[in-house]
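Report on the following structure.
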Amino acid sequence: MAGITPAFITAFLAVGSAMALGAALANQGNTSVVPECVQACSHLAHIFGPDAYSLGNANVTLWDAKQQGTHSACWVQPSSTEDVSTILSVIIDTSCRFAVKGGGHARDPDDSVSAGGVTIDMQKMRTVEVAPDQKTAKVGSGHVLLSLYEGLEKYNLTTLGGRVADVGLGGYVLGGGFSHLSPKYGLAMDNVFEYELVLPNATVAIVNQETHPDLYFALRGGMNNFGIITHFTMRAVKQGHLLGGVRAYTADKRDAILEQAYELTTSWKNDTNMAFFYSYGYDQERDDFTLTVSQEYYLPVLSPAPFKQLNRIPFEHSTVRLDRTSRFSIESASATPPGGRNLFATVTYSPSADLDRQIQDIMAQEIQSLEKAPGFYPNLVIQPLYEAAIRSGKERGGNAAVALLTVLWKNAEDDERMNAFAQEWVERSTATTKDAGKHHPWLYVNYASKAQDPFLSYGEANLQKLRRIQKEVDPQGVFTSDGLCRGYFKLQ
């Protein structure tokens, strides 16, 4: 009898902790906890303890209010690839639903916060290992862009990162990744040379062009359909200070901005040090539209040739300066603070000042019934992708160009109206670009709405290839729409 006592006590404690956890979860109010997840959370609490485990969404601030209101059974924070493998094993063994959170900039329940299941929060996985030749860096997938930039800036390096400090590296890279370096090197996904991946069976794979060429192909734009990335080995680029910042303009400058944006996209396309994007947004306080242009130049030149004509247009205010990439990312994040309700939608077309104007006008027409909605801020971002970036992408499978509608509002009761507005903008803008003979079917996954299917836009051959690879690595369907990890865009 003495020989079986420890096992009996362990089993008793596990049952007891599950019962206590069930009671605690029941007290979370509106949380609908998947029953299997009570057992999973109990196991994870026993393995990881309070330093890496918590009930519900304790002390968590998320960017989107819809996700902030999504309550998980528990959260767990791995510190290593081995931790991620252990967590996934527990989740699969108990058939518990889960989501993986990087920066938490997704916009819907289950995208990066599990509704009633386990949220795997990667924020402790923020290592930076620079190769001796400083041409690559192995970085943890739990980085947000600010922590990534700050880690690399110690070496006077950067990588193909985005523009907003609190965006998570994992989702950003898996979806593509626009960067100020894209004119020179392509999208972020074109600059990942190796992935460390916990597969759907909880084993670990090192994925590159030689070890797993099909899976390497799939991870470049295939999002969270193949497992959990724990590390990326990415291109490292020498970077000190660079030109960056934003200039804001009143609506009467729109014609001039449209002309300059087209010139920058076409006449200056071969200056791969230059990148820019511009926005046309509705200012609720002014009851008017404003424009902003973000200037980016890889070299520390305060007034480079591509922007000289643009700089002659009178502006309201400017933050254009020479600074570090990390500081520019903080500035961008301050323009979109957490706490609101957000959605994105996207349309792709060939460069055209006239089409820019038309899709801006469509937005202006469609918002008229929404202008008084609390916290309402629609913004249309025109993001060119230059020929040099497209050529770089084609070396590894091909990319395209996009435009983005962002919508911000305050109240849940306006959700349906905002979704309908975005969908109407997509339909009308798509029709307009088709009528002009400049429509492109490709949809950038990081900018797409839930009403869109970016994987269909990859082309039938690519879509079937991705689905085949997904079935090979995930025969049980863990990362499918009917599986345990259901959030974001699914191939199956």
Side-chain angles (χ1 to χ4, degrees), residues 130-131 133-137 139 145 148-149 151-153 155-164 167 169 172-194 209 220-221 232-246 260-278 293-308 310 320-329 332 351 381-402 442 444 446:
V130 175
D133 63 5
Q134 296 198 335
K135 292 183 178 179
T136 62
V139 297
L145 296 178
L148 175 67
Y149 289 142
L152 289 171
E153 284 171 358
Y155 303 89
N156 285 320
L157 296 173
T158 192
T159 190
L160 276 285
R163 286 134 172 169
V164 180
V167 164
L169 176 67
Y172 163 80
V173 173
L174 288 173
F178 286 110
S179 167
H180 73 282
L181 294 171
S182 288
K184 194 180 293 286
Y185 297 109
L187 300 184
M189 67 182 184
D190 301 314
N191 294 272
V192 178
F193 304 116
E194 188 169 272
Q209 284 180 317
R220 295 175 46 255
F232 299 92
T233 299
M234 301 182 67
R235 184 189 301 274
V237 177
K238 285 288 184 183
Q239 179 81 78
H241 282 66
L242 71 156
L243 177 76
V246 176
Q260 282 306 303
Y262 182 75
E263 286 298 313
L264 289 170
T265 305
T266 55
S267 299
W268 290 99
K269 63 186 178 183
N270 292 322
D271 188 340
T272 59
N273 291 314
M274 185 273 294
F276 86 102
F277 60 95
Y278 81 105
V293 181
S294 176
Q295 300 185 18
E296 298 168 315
Y297 203 75
Y298 172 69
L299 302 175
V301 179
L302 193 55
S303 184
F307 295 130
K308 284 187 177 178
L310 175 68
V320 173
R321 64 194 186 279
L322 302 180
D323 210 336
R324 292 277 192 178
T325 306
S326 58
R327 301 302 303 171
F328 290 123
S329 76
S332 295
V381 181
I382 309 296
Q383 168 65 73
L385 182 60
Y386 303 95
E387 288 181 5
I390 295 171
R391 288 195 296 270
S392 176
K394 283 183 177 178
E395 293 172 5
R396 297 176 174 223
N399 301 311
V402 304
W442 185 77
Y444 179 50
N446 283 346

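Numbers for residues simply follow the sequence, beginning at 1.
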Heavy-atom closest pair (Leu160 atom, Ala188 atom, distance to 0.1 Å) is O-CB, 3.2 Å
For the residue pair Thr325 / Gln239, report whether a side-chain donor-acceptor contact shorter than 3.5 Å exists.
no
For Tyr298 and Leu181: C-alpha separation, side-chain torsions, deciding distance, then whether side chain to side chain contact (heavy atoms under 4.5 Å, CB included) applies.
CA-CA 7 Å; Tyr298 172 69; Leu181 294 171; 3.6 Å; yes
Between Lys135 and Asp133, is there a salt bridge with N-O shorter than 4.0 Å?
no
Just checking Phe178 against Tyr444, ring centres under 6.0 Å apart?
yes
Interatomic distance, CZ@Phe328 vs CG@Leu322, rounded to 0.5 Å, equals 7.0 Å
Distance from Asn156 atom CG to Gln134 atom CD, nearest 0.5 Å?
8.5 Å
Heavy-atom closest pair, residues Leu310 and Gln260
N-OE1, 3.5 Å
Report yes or no: does Thr158 contribute a side-chain atom to a donor-acceptor pair with the main-chain N or O of Val237 at less than 3.5 Å?
no
Donor-acceptor pair, side chain of Ser332 and main chain of Ser329, under 3.5 angstrom:
no
Ignoring hydrogens and geometry, is there a side-chain-to-backbone donor-acceptor pair from Ser294 to Val246 under 3.5 Å?
no
Side-chain heavy-atom pair Glu153, Ser326 within 4.5 angstrom cut-off
yes
Taking all heavy atoms of Leu302 and all of Leu243, pick out the closest pair and write down the distance.
O-CD1, 3.5 Å
When rounded to the nearest 0.5 Å, the distance separating CG of Leu299 from CG of Leu242 is 9.0 Å
Give me the atom names and distance for the closest heavy-atom approach of Ala137 to Ala236.
N-CB, 4.3 Å
What are the two closest non-hydrogen atoms of Met189 and Val173, and how far apart are they?
CB-O, 3.7 Å
For the pair Phe307 and Tyr297, name the ring-plane relationship: parallel under 30°, tilted 30 to 60°, perpendicular over 60°.
perpendicular
Kindly determine whether Arg220 and Val192 satisfy side chain to side chain contact (heavy atoms under 4.5 Å, CB included), including the steps that lead there.
CA-CA 8 Å; Arg220 295 175 46 255; Val192 178; 6.0 Å; no
Ser179 OG to Arg235 CZ distance, which is reported to the nearest 0.5 Å:
11.0 Å
Please check: side-chain N/O of Asn191 versus main-chain N/O of Tyr185, any donor-acceptor pairing under 3.5 Å?
yes
Using 0.5 Å steps for rounding, measure from the CD1 atom of Ile382 to the CZ atom of Phe276.
9.0 Å
Between CZ on residue Arg324 and CG on residue Leu152, distance to nearest 0.5 Å
11.0 Å
What pair of heavy atoms forms the shortest contact from Tyr149 to Thr159, and how long is it?
CE2-O, 4.3 Å
So if I apply the side chain to side chain contact (heavy atoms under 4.5 Å, CB included) rule between Trp268 and each of Pro306, Pro183, Pro304, which one comes out positive?
Pro306
May I ask you to check whether Asn273 and Lys184 show a side-chain donor-acceptor distance below 3.5 Å?
yes
